[in-house]
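Notes to accompany the following structure.
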Amino acid sequence: MKVLLTGSAGFIGFHVANHLLDRGDTVIGFDNFNEYYDPELKRRRNEMLIERDGFHLVRGDLNDLDALGEAYDKVGSGEDTRVCHLAAQAGVRHSIEHPDEFIKDNILGFQNILDFTKNREVGGLIYASSSSVYGDNKDEVLSEASNTDAQVSLYGMTKKANELQAEVYNRLFGLHVTGLRFFTVYGPWGRPDMALFLFTDAILRGNPMKVFGFGKMRRDFTYVDDIVDGIVGCLDTNPSKAVLNLGADKTEELMDFIGQIEKSCGVEGEKEFLPMQPGDVIQTRADVDLAREMIGYEPKVKIDVGVPKFVEWYREYYGI
């Protein structure tokens with residue numbers, strides 16, 4: 001296939017690009033290398049990709065129509081073309097402080113993706129939604145049918161808006177479009193604002209960990225390779241319309257997760273227990289039965305395997 005991959009220098013995008021290139025697909029990467037977190041990580045990821053056969057980079061913003069047009073020109077049209085839209089302004093707490101960035105990039109930018117995909121007759125569109133769309137839902141296990149009306153963050157609101165935008169384009173224009181609700185993705189080359197990165201950094205540098213929710217939260221921690229398998233399965237099957245959960249199908253106590261990090265680091269970290277932050281929820285757990293049925297999704301990597309892989313990468317990358 002030929003795949004336009006937005007957010008190619010991002011955490012998940014980098015791993016998706018490598019997977020697609022490994023199997024011989026052509027990848028047109030699109031990224032603006034914004035500075036929400038350390039852009040050096042994005043540059044390093046991108047340096048590895050541009051050395052590979054089959055990868056082409058277009059640098060630009062989702063609201064730069066000329067740059068987007070250039071990227072779509074490289075993909076072309078037809079049944080063997082896809083758009084994998086992973087670019088977005090991320091960060092639940094960041095969205096509360098900078099709502100304008102999230103409206104511009106996540107809603108208006110996605111509207112441009114929908115229009116280009118329709119007008120250029122690309123074969124299918126996969127886009128990143130988020131478990132954040134469930135907001136303050138109290139269901140013990142979150143399925144695609146669970147209520148998403150109780151939003152608690154601007155970020156979650158923009159992702160729900162994306163699902164509604166995509167639904168309209170499917171109904172009006174028959175666009176093949178699938179949203180994937182990711183649950184707490186972690187792994188090598190991960191984002192510095194995510195819990196695993198922050199905890200590992202604090203432990204190895206001898207700083208106290210800030211443990212919010214007094215350590216009582218539970219999360220469906222999903223290893224990045226499992227997420228990549230779900231994304232690629234969706235690109236291959238190209239459902240006519242769907243919103244699917246991609247998670248580990250298992251919830252972990254936050255303190256158990258921290259314990260696994262400490263074990264992998266070989267040292268117990270100092271902890272500072274704090275209240276929950278605005279936008280956070282107590283628990284997430286994904287029901288992935290629909291993804292199993294539709295795209296053959298099957299999460300495999302548990303935290304006792306995934307966390308040590310991240311810590312090994314972190315030590316090597318930062319020389320610790």
(request) Say whether, by atom type as modelled, one donor and one acceptor occur between the side chain of Asp220 and the main chain of Ala286 under 3.5 angstrom. (result)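 Checking the backbone N and O of Ala286 against the side chain of Asp220, a donor-acceptor pair under 3.5 Å is found.
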(message) Using only atom types and a distance under 3.5 Å, with no angle test, would you say the side chain of Asn170 pairs donor to acceptor with the backbone of Ser240?
(response)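 Yes, Asn170 side chain to Ser240 backbone: donor-acceptor pair under 3.5 Å.
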(message) Which residues end up grouped with Met194 if you chain together Ile, Leu, Val, Met, Phe, Trp and Tyr wherever their side-chain heavy atoms are less than 4.5 Å apart?
(response)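 Members alongside Met194: none; it stands by itself.
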(request) Quick one: name the residues clustered hydrophobically with Leu164, using the 4.5 Å side-chain heavy-atom rule over I, L, V, M, F, W, Y, and just say none if it's on its own. (result)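 ILVMFWY cluster around Leu164 holds nothing else.
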(request) Kindly determine whether Tyr186 and Phe310 satisfy ring pair (Phe, Tyr, Trp, His ring centres under 6.0 Å), including the steps that lead there. (result) CA-CA 8 Å; Tyr186 73 96; Phe310 172 83; 8.0 Å; no
(request) Answer yes or no for Lys210 and Phe273: cation-pi contact, defined as NZ/CZ to six-membered ring centre under 6.0 Å and angle to ring axis within 45°. (result)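 No, Lys210 does not lie over the aromatic ring of Phe273.
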(message) I want to check a possible cation-pi pair here: Arg45 against Phe11, using under 6.0 Å from ring centre and within 45° of the ring axis as the test.
(response)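 No, Arg45 and Phe11 do not form such a contact.
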Going by an N to O cut-off under 4.0 Å, is there a salt bridge joining [X] and [Y]?
X: Arg59; Y: Asp64; answer: no
X: Arg191; Y: Asp193; answer: yes
X: Lys118; Y: Asp115; answer: no

Under a plain distance cut-off of 3.5 Å, with no hydrogens placed, do [Y] and [X] share a side-chain donor-acceptor pair?
X: Asn162; Y: Asn106; result: no
X: Thr6; Y: Tyr127; result: no
X: Asn32; Y: Asp61; result: yes

(request) Check step by step if salt bridge (Lys or Arg N to Asp or Glu O under 4.0 Å) holds for Glu101 and Lys104. (result) CA-CA 5 Å; Glu101 296 179 15; Lys104 178 174 67 73; over 6 Å; no
Acceptor/donor pairs from residues 172-184 side chains to any protein atom, 3.5 angstrom cut, sequence neighbours excluded:
residue : atom : partner : partner atom : Å
His176  : ND1  : Asn238  : O            : 3.2
Arg181  : NE   : Glu163  : OE2          : 2.8
Arg181  : NH1  : Tyr134  : OH           : 2.8
Arg181  : NH2  : Glu163  : OE1          : 2.7
Arg181  : NH2  : Glu163  : OE2          : 3.4

(request) Return the set of residues passing salt bridge (Lys or Arg N to Asp or Glu O under 4.0 Å) with Asp22 (not counting sequence neighbours), or none when no residue passes. (result)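 Listed in chain order: Arg52.
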(request) Would you please name every residue forming a salt bridge (Lys or Arg N to Asp or Glu O under 4.0 Å) with Asp139, sequence neighbours left out? (result)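 Asp139: no salt bridge (Lys or Arg N to Asp or Glu O under 4.0 Å) contacts found.
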(message) salt bridge (Lys or Arg N to Asp or Glu O under 4.0 Å), that's the test. Do Glu252 and Lys250 meet it? Break it down for me.
(response) CA-CA 7 Å; Glu252 306 281 355; Lys250 186 179 190 300; 3.1 Å; yes
(message) Could you work out, with side-chain hydrogen bond (donor to acceptor under 3.5 Å, both in side chains) as the rule, every residue matching Gln111, not counting sequence neighbours?
(response)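 side-chain hydrogen bond (donor to acceptor under 3.5 Å, both in side chains) check on Gln111 returns Gln165, Tyr169.
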More than 12 heavy atoms of other residues, nucleotides or ligands under 6.0 Å from [atom1] of [X]: yes or no?
X: Glu312; atom1: CD; answer: no
X: Asp304; atom1: CG; answer: yes
X: Arg171; atom1: CZ; answer: no

(message) Between Arg285 and Glu140, is the salt bridge (Lys or Arg N to Asp or Glu O under 4.0 Å) condition met? List the steps.
(response) CA-CA 7 Å; Arg285 179 176 177 179; Glu140 184 174 346; 5.7 Å; no
(request) Could you tell me if the ring centre of Tyr317 sits under 6.0 Å from that of Trp189? (result)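 Ring centroids of Tyr317 and Trp189 are less than 6.0 Å from each other.
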